[in-house]
Amino acid sequence: MTSSGDRGWLRAMPADGGRDALFDRAGHRVYGTCRLSELVQGRPPGVTGSQWGSASRAAFDLVVSAADTGRPVVAVVIGPVPPAGSAEQRVERLTDAVSAAVGLPVLRIGSPTLRAAEHGRRLVEYVVDARAYAAGGTGDEPAPVGFRDILGRLPDGRTGPVNDLGTLTRAAAVEAYVAGRLADPIVRGLHVHWAEGPAEGWSWVQVRPDACLVERVSVTAQRFSCGVDAARLAEDLATVAVGERLRAVRPDGPDLLARADLTTEIVALSRRRDELVGGFAFDHLCAD
């Protein structure tokens with residue numbers, strides 16, 4: 001399948017009438033579920049009829065377009081990663097290949113817990129704001145502080161990074177600890193970026209001294225910049241997912257991971273540092 005830089009294959013979203021936008025944000029208009037065929041004007045060169053037939057029916061959860069031109073800026077998918085070798089994975093790969101052929105940026109958030117209906121708007125608003133901030137430096141100079149690291153007043157009155165998506169989870173973890181539902185109030189995590197794959201973030205809390213509630217999120221940004229480091233975004237989203245599950249966590253829950261097993265998995269990840277962009281920066285977590 002050939003790649004094309006010709007964005008003329010992309011169909012502008014309607015400025016008025018037809019499909020209603022869910023919301024606007026900083027010069028962008030955001031739409032709900034859209035099929036690939038709604039975003040592409042016909043089958044592009046290099047795409048077979050069979051490939052097009054499968055990919056064109058695939059749906060994106062959200063589509064962000066430029067408010068003035070209707071041009072798609074990014075198509076977003078949030079949800080579980082398809083099992084390896086499954087029909088769903090095959091369709092996902094075909095969809096990504098066709099999207100690449102027409103120059104459609106795609107952002108995939110892989111999570112067993114996060115969903116577009118509950119978390120999509122906050123994610124899109126965050127990414128739109130982060131991109132605007134990153135592009136807003138003086139002249140050719142980048143912004144002096146990254147969007148994720150801007151300091152301000154947090155909900156608990158402390159000073160900290162106001163654009164940390166996991167802030168509410170961290171506050172909820174302290175409350176759960178005080179209430180006796182957690183063994184430790186600290187939300188821990190790590191993030192990596194696979195050289196031949198997605199960014200990946202892990203986040204966890206100790207529900208019992210020997211067992212943790214663990215969430216993992218992958219971020220795959222194809223032809224798209226999130227405005228923040230994709231790996232840090234993945235860890236922050238994993239922390240958001242921990243917060244979702246904190247509401248119903250039980251010390252005897254069957255979905256907890258033994259702390260020793262988590263350490264073993266972190267050690268195994270550290271041994272693959274040569275496969276990671278920038279290596280592995282979390283050796284301090286390899287000791288139980």
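Just so you know, these numbers come straight off a predicted model, no measurement behind them.
With contacts defined as side-chain heavy-atom distances shorter than 4.5 Å, the pair Met13/Cys34 qualifies. Looking at Gln222 and Thr220, their side chains come closer than 4.5 Å, going by heavy atoms from C-beta outward. Taking 4.5 Å as the limit, every side-chain heavy atom of Tyr31 sits out of range of all side-chain heavy atoms of Leu62. Counting heavy atoms from C-beta outward, Val187 and Trp204 have side chains that stay 4.5 Å or more apart. Annotation: side chain of Pro80 is in contact with side chain of Arg115 (closest heavy-atom distance under 4.5 Å). Side-chain contact check for Val277 versus Val192: every heavy-atom pair is 4.5 Å or farther apart. The side-chain heavy atoms of Arg148 and Asp236, taken from C-beta on, include a pair separated by under 4.5 Å. Between Val40 and Ser56, every side-chain heavy-atom pair lies at or beyond the 4.5 Å cut-off.
Within a 6.0 Å radius of CZ in Arg271, other residues, nucleotides and ligands contribute 12 heavy atoms or fewer. Under a cut-off of 6.0 angstrom, the local environment of CZ in Arg90 is sparse, with at most 12 non-hydrogen atoms contributed by other residues, nucleotides or ligands. Atom CZ of Phe282 sits in a crowded spot, with more than 12 heavy atoms from other residues, nucleotides or ligands closer than 6.0 Å.
Salt bridge annotation for Glu92-Arg108: present, with a cationic side-chain nitrogen under 4.0 angstrom from a carboxylate oxygen. Between Arg29 and Asp20, none of the side-chain N atoms (NZ, or NE/NH1/NH2) sits under 4.0 Å from a carboxylate O, so this pair counts as no salt bridge. Contact check on Arg259 versus Asp210 returns no salt bridge, with no Lys/Arg side-chain nitrogen under 4.0 Å from an Asp/Glu carboxylate oxygen.
Partner Val205 forms a side chain to side chain contact (heavy atoms under 4.5 Å, CB included) with one of Leu182, Thr169, Thr239 and no other, that one being Leu182. Residue Leu123 forms a side chain to side chain contact (heavy atoms under 4.5 Å, CB included) with just one option from Val76, Asp61, Val240, and that option is Val76.
Note that the CG atom of Leu213 and the CZ atom of Arg208 stand 11.5 Å from one another [nearest 0.5 Å]. One distance of note links CG of Leu237 with CD1 of Ile78; it measures 8.0 Å at 0.5 Å rounding. In this structure, NE2 in His119 is found 11.0 Å from CG in Leu165, a value given to the nearest 0.5 Å. Going from atom CD of Glu88 over to atom OG1 of Thr95 covers 11.5 Å, rounded to the nearest 0.5 Å. Rounded to the nearest 0.5 angstrom, Glu38 CD and Thr33 OG1 are separated by 9.0 Å. With rounding to the nearest 0.5 Å, the separation of OG in Ser218 from NE2 in His193 is 10.5 Å.
A side-chain donor-acceptor contact under 3.5 Å links Gln41 to the backbone of Leu10. Side-chain N or O atoms of Arg245 include none that pairs as donor or acceptor with a backbone N or O of Val242 at under 3.5 Å. Between the side chain of Arg131 and the main chain of Ser225, a donor-acceptor pair closer than 3.5 Å is present. Using modelled atom types, one side-chain atom of Gln51 and one backbone atom of Thr48 make a donor-acceptor pair closer than 3.5 Å. Side chain of Asp184 to backbone of Gln206: no donor-acceptor contact under 3.5 angstrom is found. For the pair Arg43 (side chain) and Val47 (backbone), a donor-acceptor distance under 3.5 Å is present. In this structure, Glu235 contributes its side chain and Arg232 its backbone to no donor-acceptor pair below 3.5 Å. Checked by atom type and distance alone, the side chain of Arg181 pairs as donor or acceptor with a backbone atom of Leu246 at under 3.5 Å. Side-chain atoms of Thr167 come within 3.5 Å of backbone atoms of Asp164 as a donor-acceptor pair (strictly under, hydrogens ignored).
Under the 4.5 Å side-chain heavy-atom criterion for grouping Ile, Leu, Val, Met, Phe, Trp and Tyr, Leu107 is connected to Leu22 within one hydrophobic cluster. Linking Ile, Leu, Val, Met, Phe, Trp and Tyr residues whenever their side-chain heavy atoms come within less than 4.5 Å leaves Val81 and Val217 in two separate clusters. Leu36 is connected to Trp9 through a chain of hydrophobic side-chain contacts under 4.5 Å among Ile, Leu, Val, Met, Phe, Trp and Tyr, so both are in one cluster. Residues Leu151 and Leu154 fall into different hydrophobic clusters, defined by Ile, Leu, Val, Met, Phe, Trp and Tyr side chains chained together at heavy-atom separations under 4.5 Å. Residues Tyr177 and Val249 fall within the same hydrophobic cluster, defined by Ile, Leu, Val, Met, Phe, Trp and Tyr side chains chained together at heavy-atom separations under 4.5 Å.
Of all heavy-atom pairs spanning Ser65 and Gly70, the tightest one is CB-O, 3.6 Å. Of all the heavy atoms in Cys226 and Ala221, the pair that sits closest is SG-CB, 4.2 Å.
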Next on the checklist: Run Glu275 and Arg272 through salt bridge (Lys or Arg N to Asp or Glu O under 4.0 Å) and show every step you take.
Outcome noted: CA-CA 6 Å; Glu275 302 173 47; Arg272 299 180 64 186; 2.8 Å; yes
Item to check | Intermediate values then yes/no, side-chain contact (heavy atoms from CB on, under 4.5 Å), His28 and Val73 | outcome: CA-CA 8 Å; His28 297 76; Val73 173; 4.0 Å; yes
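Stacking of Arg35 on the aromatic ring of Phe60 is not recorded, the 6.0 Å distance cut-off and the 45° axial limit not both being met.
Under the 3.5 Å distance criterion, with hydrogens and angles disregarded, no donor-acceptor pair is assigned to the side chains of Gln89 and Ser86. Side-chain polar atoms of Trp202 and Glu215 form no donor-acceptor pair below 3.5 angstrom.
In this structure, Phe147 and Tyr133 have tilted ring planes: the angle between them lies in the 30° to 60° band.
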